[in-house]
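The structure presented is a predicted model; accordingly, all values stated were derived computationally and were not measured.
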Amino acid sequence: MSEFQAGQLLSVLQQFHSEQFTGVVSVQVTGDIASSRRSRVLAFWQGMLTFVGKELPEPEALAQLIKQKLNIAHIDGALKISASRVKNKASVRELLEFISRFGIFKWEDLEAVLKQSAVLELEQLLPCSGTISTVTDVPFDLNYSDDQHGFSWDYLRQTLAQRQRSWSILSSSGISLNAVPLRPAGNVAAIPEPVRRHLDQYVDDRRSLGDIATQLDKDPLTLAKHYLECVQKGWLMFEEAAAAAAAASASPLPSAPKKIEKPLTASKELPIILSVDDSPIVQTMIKRAISDRYQVLLANSAVNALNLLNSHTIGLLLLDVTMPDIDGLELCRTIRSISKFRDLPVIMLTAKDGLLDKVKGQFAGSTHYLTKPIDREKLLPVIEKYLPSKAMA
């Protein structure tokens with residue numbers, strides 16, 4: 001059993017791909033993002049991911065799942081005949097091949113629907129930390145073709161990155177996978193009947209958007225976009241946005257003027273810098289170099305970085321180019337696509353000192369480019385140029 005940190009899971013799973021692993025990987029996740037401990041199983045065939053779910057289904061149970069996902073009405077008869085004819089009762093591949101001979105589904109459709117399901121499952125796991133263990137003697141021989149066997153890693157990475165960009169845009173309205181939708185008081189009559197029925201049934205001020213999407217068996221990102229329309233029309237709010245609105249609208253009770261006292265420490269007055277790097281050693285060096293003049297927040301992945309950007313007033317971003325899952329250039333482009341971050345100073349940090357790398361950084365939207373190793377004498381003047389410190393004031 002080994003541990004992984006938030007944002008690292010996809011990189012860890014790719015190691016199984018490089019090692020041509022066949023077997024089952026069990027992932028147990030924890031962390032603040034997970035409301036409770038969650039576990040998922042991931043099946044690999046010759047290094048390719050073929051299935052992700054809460055549990056590893058028996059062959060006939062998987063056939064029923066496919067019936068539900070593909071909305072196939074007449075699979076039961078074919079399943080009964082096929083189950084009686086297969087030689088290896090534990091073989092998923094053999095059973096599905098028998099059923100496919102009835103022309104009920106195409107392997108391409110089967111792969112597409114299970115690949116989409118894997119994306120949705122992985123999306124919920126990526127922001128979490130946890131543990132991972134492997135089993136090689138569990139018979140689960142699902143694979144899709146002789147050359148590919150399973151889901152393309154390029155597809156998984158690109159799809160998850162695209163979805164992360166969509167979630168980051170929605171976050172400005174307080175909408176996220178784990179956010180809880182709330183029903184604002186009043187204005188009920190203006191809500192159309194179908195929308196009101198949905199809100200009455202599913203929005204109970206406790207369930208997260210992800211929980212509701214799971215119950216509906218819908219893509220949570222699609223549901224989030226529908227909920228955004230409700231937010232814009234005043235029919236719905238999300239927990240974080242609602243708390244902010246309540247704080248802004250609250251009027252203080254009349255009282256005698258209070259003497260404003262200086263805080264015991266000036267750290268809260270210091271500008272905030274977010275450092276994004278997956279190396280704990282580099283992060284420690286950066287924090288030691290500048291923490292006397294700036295507040296320093298640390299993120300080891302693009303997902304963590306976006307969460308911190310949306311929850312804190314960041315004055316400057318230190319961004320490593322080479323990171324797992326989404327690299328620094330891609331993250332920089334994503335940040336620049338969000339209007340409130342277009343003017344945020346972004347200093348790219350990299351071990352490469354080539355002209356082409358600097359040009360790539362400029363095209364991605366970086367403000368400045370520094371090469372590693374990073375020390376105080378090199379870093380501070382550049383930071384002060386874009387974010388003057390208040391420590392000496």
Worksheet entry | side-chain contact (heavy atoms from CB on, under 4.5 Å), paired with Gln283, selected from Val276, Leu298, Asp278 | Leu298
Worksheet item: Any sub-3.5 Å donor-acceptor pair from Gln164's side-chain atoms to Val303's backbone N or O?
Response: no
Discussion item. Under 4.5 Å between side-chain heavy atoms, counting indirect links through other Ile/Leu/Val/Met/Phe/Trp/Tyr residues: same cluster for Val52 and Leu120 or not?
Written reply: no
Worksheet item: Counting N and O atoms only, with roles assigned by atom type, does the side chain of Ser100 sit under 3.5 Å from a partner on the main chain of Glu97, one being a donor and the other an acceptor?
Response: yes
Response to the item:
Those residues at least two apart in sequence (or on a different chain) that pass side chain to side chain contact (heavy atoms under 4.5 Å, CB included) with Ser166 are Leu221
Fill in: Heavy-atom pair of closest approach, residues Ala6 and Ser301
O-OG, 3.8 Å
Worksheet entry | Lys89 side-chain N/O to Ala83 backbone N/O, donor-acceptor pair under 3.5 Å | yes
Item to complete: Please determine if Arg157 and Asp154 form a salt bridge, counting it only when a charged side-chain N lies under 4.0 Å from a carboxylate O.
Response: yes
Practice prompt. Using a cut-off of 6.0 Å, state whether more than 12 heavy atoms not belonging to Lys385 lie near its atom NZ.
Written response: no
Listing, residues 54-63 side-chain donor-acceptor contacts under 3.5 Å, not counting sequence neighbours, or none:
none

Worksheet entry | Backbone N/O of Ser168 and side chain of Ser171: donor-acceptor pair under 3.5 Å | yes
Fill in: Qualifying residues under side chain to side chain contact (heavy atoms under 4.5 Å, CB included), relative to Asn71, sequence neighbours excluded
none
Discussion item. Just checking Arg376: does its CZ atom have more than 12 heavy atoms from other residues, nucleotides or ligands closer to it than 6.0 angstrom?
Written reply: yes
Worksheet item: Between atom CH2 of Trp45 and atom CZ of Phe51, what is the distance when rounded to the nearest 0.5 Å?
Response: 16.0 Å
Worksheet entry | Polar side-chain atom of Arg93 near backbone of Leu142 as donor-acceptor pair, under 3.5 Å | no
Worksheet item: Quick one: CD1 on Ile347 to OH on Tyr386, what's the gap to the nearest 0.5 Å?
Response: 7.0 Å
Worksheet item: Is the shortest side-chain N to carboxylate O distance from Arg207 to Asp204 below 4.0 Å?
Response: yes
Worksheet item: Does Leu96 reach the side chain of Trp107, with side-chain heavy atoms less than 4.5 Å apart?
Response: yes
Practice prompt. Using only heavy-atom distances, determine whether the side chains of Ser91 and Asp141 contain a donor-acceptor pair under 3.5 Å.
Written response: yes
Discussion item. Assess the residue pair Phe16 and Thr134 against the criterion (side chain to side chain contact (heavy atoms under 4.5 Å, CB included)); give the C-alpha distance rounded to whole Å, side-chain angles, the decisive distance to 0.1 Å, and a yes or no.
Written reply: CA-CA 10 Å; Phe16 294 103; Thr134 61; 3.3 Å; yes
Worksheet item: Mind checking whether Leu309 and Leu344 have side chains closer than 4.5 Å, heavy atoms only?
Response: yes
Worksheet item: Just by modelled atom types, is the Leu270 backbone N or O under 3.5 Å from a matching donor or acceptor in the Gln295 side chain?
Response: yes
Discussion item. On a heavy-atom basis, which atom in Phe238 and which in Ala179 lie closest, and how many Å separate them?
Written reply: CD2-CB, 3.5 Å
Worksheet item: Does a salt bridge link Asp211 with Arg206, judged by any charged N lying under 4.0 Å from a carboxylate O?
Response: no
Item to complete: Decide yes or no on salt bridge (charged side-chain N to carboxylate O under 4.0 Å, His left out) for Arg197 and Glu193, but give the supporting numbers first.
Response: CA-CA 6 Å; Arg197 284 200 305 270; Glu193 181 62 27; 3.7 Å; yes
Worksheet item: According to the interplanar angle, ranging from 0 to 90°, do the rings of His17 and Trp153 count as parallel (below 30°), tilted (30 to 60°) or perpendicular (above 60°)?
Response: tilted
Discussion item. Main chain of Gln5, side chain of Ser129: is a donor-acceptor contact present, judged purely on distance under 3.5 Å?
Written reply: no
Worksheet entry | Glu3 atom CD, over 12 foreign heavy atoms within 6.0 Å | no
Discussion item. Tell me which one of Leu370, Ile290, Leu274 satisfies side-chain contact (heavy atoms from CB on, under 4.5 Å) with Leu318.
Written reply: Ile290
Discussion item. Using modelled atom types and a 3.5 Å cut-off, is there a donor and acceptor pairing between side-chain atoms of Thr214 and backbone atoms of Gly210?
Written reply: yes
Worksheet item: Do any N or O atoms from the side chain of Thr50 and from the backbone of Ala43 form a donor-acceptor pair under 3.5 angstrom?
Response: yes
Worksheet entry | Thr22 side-chain N/O to Gln46 backbone N/O, donor-acceptor pair under 3.5 Å | yes
Discussion item. Can you tell me how far apart NE2 (His198) and CG (Asp200) are? Round to the nearest 0.5 Å.
Written reply: 10.0 Å
Worksheet item: Does atom NZ of Lys378 have more than 12 heavy-atom neighbours, drawn from other residues, nucleotides or ligands, at distances under 6.0 Å?
Response: yes
